[in-house]
*Asks:* 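Shown below is the structure under consideration.
Computation of the quantities below employed the complete heavy-atom set of this structure, encompassing side-chain atoms and omitting hydrogens, waters and symmetry-equivalent molecules.
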Amino acid sequence: MKSLFKRLLLSVLVCSAGCDVFNIGDAEGTRGRGARAFDPYSSSASGAISLSLLYFNGCAILPTGEPVSAGSLDLPDYPATCEAMNRMGQQVPPSARFEVTPGVSYFIREFTAVDAVSDVHTDFKNQHAPSFWMRKESRFKDLDWSGVTVGRDEWTNDFDSTFQRETYYENAAWMRSLDDTFLIEVLDADGAVRTSISYSRRDFMGEGATTGRTRASWLVADLARPRFPGDPEVSLLPDGTEPTYKTMVKASFSGATNPFKTLTMPQLSGEGLIRVTWSQLPLKPFLFPIVFTPEAERPATCYRLDESGLATDEQVPCGFGLTQAVRVNRPANGSYFMPGDSVDFMVSLRDGDGNGLHPRNRMPSYNQYMGESSNGLAYFNEEMLLTYREASSSESGFKVVGPLQDLQVSRGSYTLPYFSFPLFSEPHFYLPPGANQLAGGGDAQPPTHYTVTLPPNAKAGTYAILLKGHRTFMGERLNRLDPFFFQVGQAQPTTYPGRVGNCQVCHNGVNSLSNVHHGMSVDHVEACKTCHIEEGYGYLPDVIHRIHNSSRKYNQNKGDCTMCHLTRESTLWPSLMSCNGCHVASHGTEYFDLRFEPMQNTPNGYGNCAESCHVTTPPAEHILPPR
């Protein structure tokens, strides 16, 4: 996927301090959650800490992708060597340690197990070979594969004229099940079970492939577009790049929905084990070697903050959680920036107890991140994205957009009606892909101070600096996205267009948007469109429809557009990209070629179908907002 790296190496900067400019009366979290019962971002103030359990090709891994060592534990069923994603898939003795805190209550936020092979199934015409490996040879061969079918065969535009094809194998009995369970046991170094809890599959909100969760698929990347529907031949890129092939089975369950189902780590020190027994694989439990590290033994690697919220030189032990802040320079007129001005700001990333996770002027290096010495701060990790298929595992960085009132879904062009930095989907990464291969290698430390220059024609209004952060610490894994605001051209704040919202009707309490995926509040849901502007990164009108249409947890009328759309206008831009999320083959192959046109070309799959066909009578089976 060389094209992906070309895209992801394009970046720049920005950020700012804020005010709440968009308020929804029925705030998420007002129902379904007791005070302090369950809030992943509340750190030590929460009733439980989120615990992520990740497994890859037979070994426990950390969120960095590094395989976990069994230490001195006697585990005959745990491999002596593991496949190291970050080292070209080499088999190495695992060395990472998975630390947890004794006496702390955890809830299982995520359990994900992956079995994958690369460049094994390389016959583009043979869809049977990947399926045979999954059902007969993979680590998941003992699942109930009855009923499995070849499902969606999706082509995705990676960048301009570079595509990938992913074939999904669907409808297997184990995928359709809702009654299976996960027994989580914590064992001491002698193998004695010290505590346990059982989760039902129904206790997890996210499990579908659209959200990067459970899937069985065969991916072929670095392709030119197919010549015609069902083209059986490989279409090579003009530069002759050879395609890459990835076959995977991924069982992934995320987003615990029960705030009171928690597990308290026993008061132990030294080594231990978490054992997960899935009722669908009762004879093959998943083993996670752990190290019990009491809070009193945590080293002083975080930083006390001063009155301005920036790190001092005094070091203190780290706590759980993740908070983000920025400090913006004062505009020349003391109130708002003018078009063409430079906005200077400093980023401050902290734990939930208010301790700095990095020194004042620099962040940890990539090598520190990979070596588990970054106080949990995570950077972009291409192997977790491309091999483990973690859609949003570690994309730490920022984006600047505005004014808020002009934010709208991309209509199939990089020429946006608002300012965006960077212009493309991805944020400006603190450390970009391949950072360990740049000048200074993996020891280069990114700054905390950034400058962005506003365009000379910047429109007046409120602008947002979107900070996207990721942290892993003592078993806890958090993603969050926080907006910070500054004014341009006027002191009076402006707000989002108000075209979509109401997510809190379903996403409240433990299922609040601030507790899932990126961790951004429903108050700022209209900012999602500023990153998801093209299909390679999840075009929002497509992916948001697919997420809910395919979810077994979404029990609303899937034809009721008023559940999310607040204005009729926001529903009246039908396109192949918008409607295919639900209506996969409504036009068959009639508009096949449009699907492969570059984003900047007109027409393309993002075009407005209402201009020619759907202008007078919206589909009768959809409920639209009133005029």
Side-chain angles (χ1 to χ4, degrees), residues 8-9 11 13 15 43 52 61-66 68 85-87 95-99 293 298-306 309-327 345-385 390 392-398 427-450 467-482:
L8 294 175
L9 285 168
S11 308
L13 6 120
C15 224
S43 186
S52 288
I61 62 170
L62 298 179
T64 59
E66 288 295 287
V68 174
M85 279 188 284
N86 300 305
R87 279 158 281 180
S95 58
R97 304 313 302 268
F98 184 170
E99 293 184 279
T293 303
R298 293 179 191 165
T301 56
C302 278
Y303 299 84
R304 195 175 300 281
L305 304 183
D306 62 18
L310 299 177
T312 66
D313 292 332
E314 181 184 356
Q315 291 194 266
V316 294
C318 295
F320 291 102
L322 173 64
T323 57
Q324 304 181 111
V326 293
R327 181 181 179 184
F345 62 93
M346 292 188 73
V347 177
S348 178
L349 307 178
R350 310 158 182 177
D351 66 16
D353 297 328
N355 303 311
L357 297 173
H358 53 79
R360 176 175 299 212
N361 295 313
R362 65 186 188 278
M363 295 186 190
S365 69
Y366 188 86
N367 285 343
Q368 287 176 307
Y369 154 60
M370 293 303 300
E372 291 299 301
S373 57
S374 65
N375 289 329
L377 287 180
Y379 295 128
F380 186 94
N381 185 322
E382 49 262 45
E383 290 304 328
M384 286 297 288
L385 174 66
E390 272 290 310
S392 184
S393 60
S394 49
E395 300 172 326
S396 297
F398 64 84
H428 171 78
F429 300 108
Y430 298 131
L431 278 177
N436 55 323
Q437 302 171 15
L438 302 177
D443 292 322
Q445 294 181 290
T448 59
H449 177 261
Y450 297 97
L467 289 191
K468 192 175 187 180
H470 301 261
R471 186 179 184 228
T472 62
F473 180 75
M474 293 287 168
E476 179 186 50
R477 185 186 188 203
L478 296 178
N479 308 331
R480 72 176 304 151
L481 205 160
D482 295 301

*Asks:* I want to check something: taking the side chain as every heavy atom from C-beta on, are L377 and Y430 in contact at a cut-off of under 4.5 Å?
*Replies:*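 L377 does not reach Y430 side chain to side chain.
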
*Asks:* Give a yes or no answer on whether the side chain of Q324 reaches the backbone of G469 with a donor-acceptor pair at less than 3.5 Å.
*Replies:*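 Yes, because the side chain of Q324 sits within donor-acceptor range (under 3.5 Å) of the backbone of G469.
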
*Asks:* Testing the basics here: between G397 and P427, what is the closest heavy-atom pair and its distance to 0.1 Å?
*Replies:*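 The pair with the smallest heavy-atom distance is C-CB, 4.3 Å.
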
*Asks:* Are the side chain of D353 and the backbone of N355 linked by a donor-acceptor contact shorter than 3.5 Å?
*Replies:*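 No, D353 side chain to N355 backbone: no donor-acceptor pair under 3.5 Å.
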
*Asks:* Check whether any side-chain heavy atom of Y369 lies under 4.5 Å from a side-chain heavy atom of F380, and answer yes or no.
*Replies:*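 They are not in side-chain contact.
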
*Asks:* Closest heavy-atom contact between L431 and S365?
*Replies:*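 Minimum heavy-atom contact is CD1-C, 4.1 Å.
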
*Asks:* Could you walk me through whether F473 and F320 pass ring pair (Phe, Tyr, Trp, His ring centres under 6.0 Å), step by step?
*Replies:* CA-CA 7 Å; F473 180 75; F320 291 102; 5.6 Å; yes

*Asks:* Strictly distance-based, threshold 3.5 Å: is any side-chain N or O of R360 a donor or acceptor partner for the main-chain N or O of A311?
*Replies:*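 Yes: the side chain of R360 pairs with the backbone of A311.
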
*Asks:* Going by the rule salt bridge (Lys or Arg N to Asp or Glu O under 4.0 Å), which residues pair with E66 if we only count those two or more places apart in sequence or in a different chain?
*Replies:*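 Partners of E66 by the salt bridge (Lys or Arg N to Asp or Glu O under 4.0 Å) criterion, ordered by chain and then number, come out as R87.
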
*Asks:* Between the main-chain N or O of T301 and the side-chain N or O of N375, is there a donor-acceptor pair closer than 3.5 Å?
*Replies:*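 Yes; judged by distance alone, with no hydrogens or angles, the pair exists.
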
*Asks:* Short question: side chain of H470, backbone of E395 - any donor-acceptor pair under 3.5 Å?
*Replies:*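 Checked: pair present.
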
*Asks:* Rounded to the nearest 0.5 Å, what separation is found between the CD atom of E383 and the CE atom of M85?
*Replies:*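 Output value for this atom pair is 7.5 Å.
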
*Asks:* Between M363 and V347, is a side-chain contact (heavy atoms from CB on, under 4.5 Å) present by the stated rule, with each step listed?
*Replies:* CA-CA 10 Å; M363 295 186 190; V347 177; 3.9 Å; yes

*Asks:* Just how far is it from atom NE2 of H449 to atom CZ of R327, taken to the nearest 0.5 Å?
*Replies:*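 One gets 10.5 Å once the value is rounded to the nearest 0.5 Å.
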
*Asks:* To the closest 0.5 Å, what do you measure between CG (L310) and OG1 (T312)?
*Replies:*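 One finds 10.0 Å between CG of L310 and OG1 of T312.
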
*Asks:* If I take atom NZ from residue K468 and atom CG from residue D482, how far apart are they, to the nearest 0.5 angstrom?
*Replies:*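 Result: 12.5 Å between the selected atoms.
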
*Asks:* Run the side-chain contact (heavy atoms from CB on, under 4.5 Å) test on S348 and V326 for me, step by step, so that the C-alpha distance in whole Å, both residues' side-chain angles and the decisive distance to 0.1 Å come before the verdict.
*Replies:* CA-CA 6 Å; S348 178; V326 293; over 6 Å; no

*Asks:* Quick one: are L62 and F98 in side-chain contact, heavy atoms under 4.5 Å?
*Replies:*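 A side-chain contact exists here, since the closest heavy-atom pair is under 4.5 Å.
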
*Asks:* Does any N or O in the side chain of N381 come within less than 3.5 Å of the main-chain N or O of T64, such that one atom is a donor and the other an acceptor?
*Replies:*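 Yes, N381 side chain to T64 backbone: donor-acceptor pair under 3.5 Å.
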
*Asks:* Check whether any side-chain N or O of T448 sits under 3.5 Å from a backbone N or O of M346 as a donor-acceptor pair, and report yes or no.
*Replies:*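 No; judged by distance alone, with no hydrogens or angles, the pair does not exist.
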
*Asks:* Can you tell me if S396 uses its side chain to pair, donor with acceptor, with the backbone of Y379 under 3.5 Å?
*Replies:*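 Flag not set: sc S396 to bb Y379 has no pair under 3.5 Å.
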
*Asks:* Looking only at atom types and distance, does a side-chain atom of R471 sit under 3.5 Å from a main-chain N or O of R350, one as donor and one as acceptor?
*Replies:*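 Not at all, since once roles are kept as given, no pair shorter than 3.5 Å links the two residues.
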
*Asks:* Checking R298 now: which residues fulfil salt bridge (Lys or Arg N to Asp or Glu O under 4.0 Å) with it, not counting sequence neighbours?
*Replies:*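 Listed in chain order: nothing, the list is empty.
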
*Asks:* Mind checking side chain to side chain donor-acceptor pair (under 3.5 Å) for E372 and listing every partner two or more places apart, or none if nothing turns up?
*Replies:*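 For E372 there are no side chain to side chain donor-acceptor pair (under 3.5 Å) partners, ignoring immediate neighbours.
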
*Asks:* Is there a donor-acceptor pair closer than 3.5 Å between any side-chain N or O of R480 and the backbone N or O of L322?
*Replies:*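 Judged by distance alone, yes, a pair lies under 3.5 Å.
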
*Asks:* To the nearest 0.5 Å, tell me how far N367 CG sits from D443 CG.
*Replies:*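 It is 4.5 Å, given to the nearest 0.5 Å.
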
